[in-house]
Amino acid sequence: MEKKPIKRNENIAKLSRDHHASLMFCWKLRHGIKFQIDPARMINYVDYFTANHLEPHFKEEEEILFAPLQDAKVQRAIDEHTIIKTTLQKIHQSSPENQMEELVHLADLIDAHVRYEERVLFPHLEKELSEEQLENIGKIIKDAPLKDNYEDEFWLKKTRE
């Protein structure tokens with residue numbers, strides 16, 4: 001059976017595009033891990049992606065998208081944001097021999113979180129929020145695509161260190 005793409009309300013579609021970028025981030029980490037890239041190189045990318053994508057994305061979701069509806073499904077997403085932020089801190093505090101394991105854990109957390117939001121939370125919000133609320137959200141959310149021009153493409157099989 002062929003999977004059809006999820007039809008997202010146009011007012012929150014930008015956040016779904018951000019989610020695609022997050023899934024690509026996980027893919028890049030997993031390839032770096034597979035190629036046994038020095039964790040320090042991947043952590044530099046994690047820091048870049050966090051500052052340029054994750055932090056602004058979490059802020060938009062928490063302050064704009066989630067604001068009109070405070071229920072258990074929204075709270076789960078907020079809790080997962082907190083767990084991801086804690087994991088990001090833990091990566092820097094880990095010994096070099098544990099950093100690879102923490103990077104695997106981070107990729108798994110973000111992947112599962114994005115899938116929860118796309119498959120459960122966003123359809124829930126589209127159903128529960130009024131069209132007027134969704135339109136107001138759409139007016140506030142910045143529709144600037146992520147520019148991921150990180151120079152060290154460790155996820156490609158290269159010998160460069």
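Note that these values count all heavy atoms, side chains included, but never hydrogens, waters or copies made by symmetry.
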State, to 0.1 Å, how close [X] and [Y] come at their nearest heavy-atom pair, and which atoms those are.
X: Asp152; Y: Trp155; answer: O-CZ3, 3.7 Å
X: Asn9; Y: Glu126; answer: N-OE2, 2.6 Å
X: Leu29; Y: Met42; answer: O-SD, 3.8 Å
X: Phe66; Y: Glu62; answer: CD1-CA, 3.8 Å
X: Pro39; Y: Pro96; answer: CG-O, 4.5 Å

Show every donor-acceptor pair shorter than 3.5 Å between a side-chain atom in residues 102-112 and any protein atom, with sequence neighbours excluded, or say none if there are none.
from, atom 1, to, atom 2, distance (Å)
Asp108, OD1, Arg30, NH2, 2.8
Asp111, OD1, Arg115, NE, 2.8
Asp111, OD2, Arg30, NH1, 3.3

If you group Ile, Leu, Val, Met, Phe, Trp and Tyr by side-chain heavy-atom gaps below 4.5 Å, do [X] and [Y] land in one group?
X: Leu23; Y: Phe49; value: yes
X: Ile84; Y: Ile78; value: no
X: Val114; Y: Leu121; value: no
X: Val120; Y: Ile83; value: no

Distance (rounded to the nearest 0.5 Å) between [X] [atom1] and [Y] [atom2]:
X: Ile64; Y: Ile12; atom1: CD1; atom2: CD1; value: 12.5 Å
X: Phe122; Y: Leu15; atom1: CZ; atom2: CG; value: 5.0 Å
X: Ile33; Y: Gln99; atom1: CD1; atom2: CD; value: 11.5 Å
X: Met24; Y: Asp148; atom1: CE; atom2: CG; value: 8.5 Å

| task | Indicate the ring-plane relationship of Phe58 and His113, choosing parallel, tilted or perpendicular according to the 30° and 60° boundaries. | result |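 Rings of Phe58 and His113: perpendicular, as their planes differ by over 60°.
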| field | Whether Phe154 and Tyr45 hold their rings parallel, tilted or perpendicular, with breakpoints at 30° and 60° | value |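 Phe154 vs Tyr45 ring planes: perpendicular.
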| message | Please enumerate all residues that pass side-chain contact (heavy atoms from CB on, under 4.5 Å) together with Thr86, with sequence neighbours excluded. | response |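 Checked Thr86 against side-chain contact (heavy atoms from CB on, under 4.5 Å); matches are Thr82.
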| said: Which residues pass the side-chain contact (heavy atoms from CB on, under 4.5 Å) test with Glu128, not counting sequence neighbours? | reply: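 Here the qualifying residues are Leu69, His124.
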Which residues pass the ring pair (Phe, Tyr, Trp, His ring centres under 6.0 Å) test with [X], not counting sequence neighbours?
X: His57; result: His19, His53
X: His31; result: Trp27, Phe35
X: Tyr116; result: none

| field | Enclosure of Lys85 NZ (heavy-atom neighbours >12, cutoff 6.0 Å) | value |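 Counting other residues, nucleotides and ligands, NZ of Lys85 exceeds 12 neighbours.
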| field | Heavy atoms from other residues, nucleotides or ligands near CD of Glu10 exceed 12 (cutoff 6.0 Å) | value |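 It does not: Glu10 CD has 12 such atoms or fewer within range.
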Set of side-chain hydrogen bond (donor to acceptor under 3.5 Å, both in side chains) partners for [X], sequence neighbours left out:
X: Glu55; result: none
X: His92; result: Asp47
X: Asn98; result: Ser95
X: Ser16; result: Arg8, Glu118

Side-chain atoms of residues 132-142: list all donor-acceptor pairs with protein atoms under 3.5 Å, sequence neighbours left out, distances to 0.1 Å.
from, atom 1, to, atom 2, distance (Å)
Gln133, OE1, Ser130, N, 2.8
Gln133, OE1, Ser130, OG, 3.4
Asn136, ND2, Glu132, O, 3.4

| Taking C-beta and beyond as the side chain, do Arg17 and His20 meet within less than 4.5 Å on heavy atoms? |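 Arg17 does not reach His20 side chain to side chain.
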| said: Given 3.5 Å as the limit, does a donor-acceptor pair link the side chain of Tyr48 with the main chain of Asn149, or not? | reply: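 Side chain of Tyr48 to backbone of Asn149, a donor-acceptor pair under 3.5 Å: yes, one is there.
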| message | Applying salt bridge (charged side-chain N to carboxylate O under 4.0 Å, His left out), can you list everything that pairs with Glu61, at least two apart in sequence or on another chain? | response |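 Scan of Glu61 (salt bridge (charged side-chain N to carboxylate O under 4.0 Å, His left out), adjacent residues dropped) gives none.
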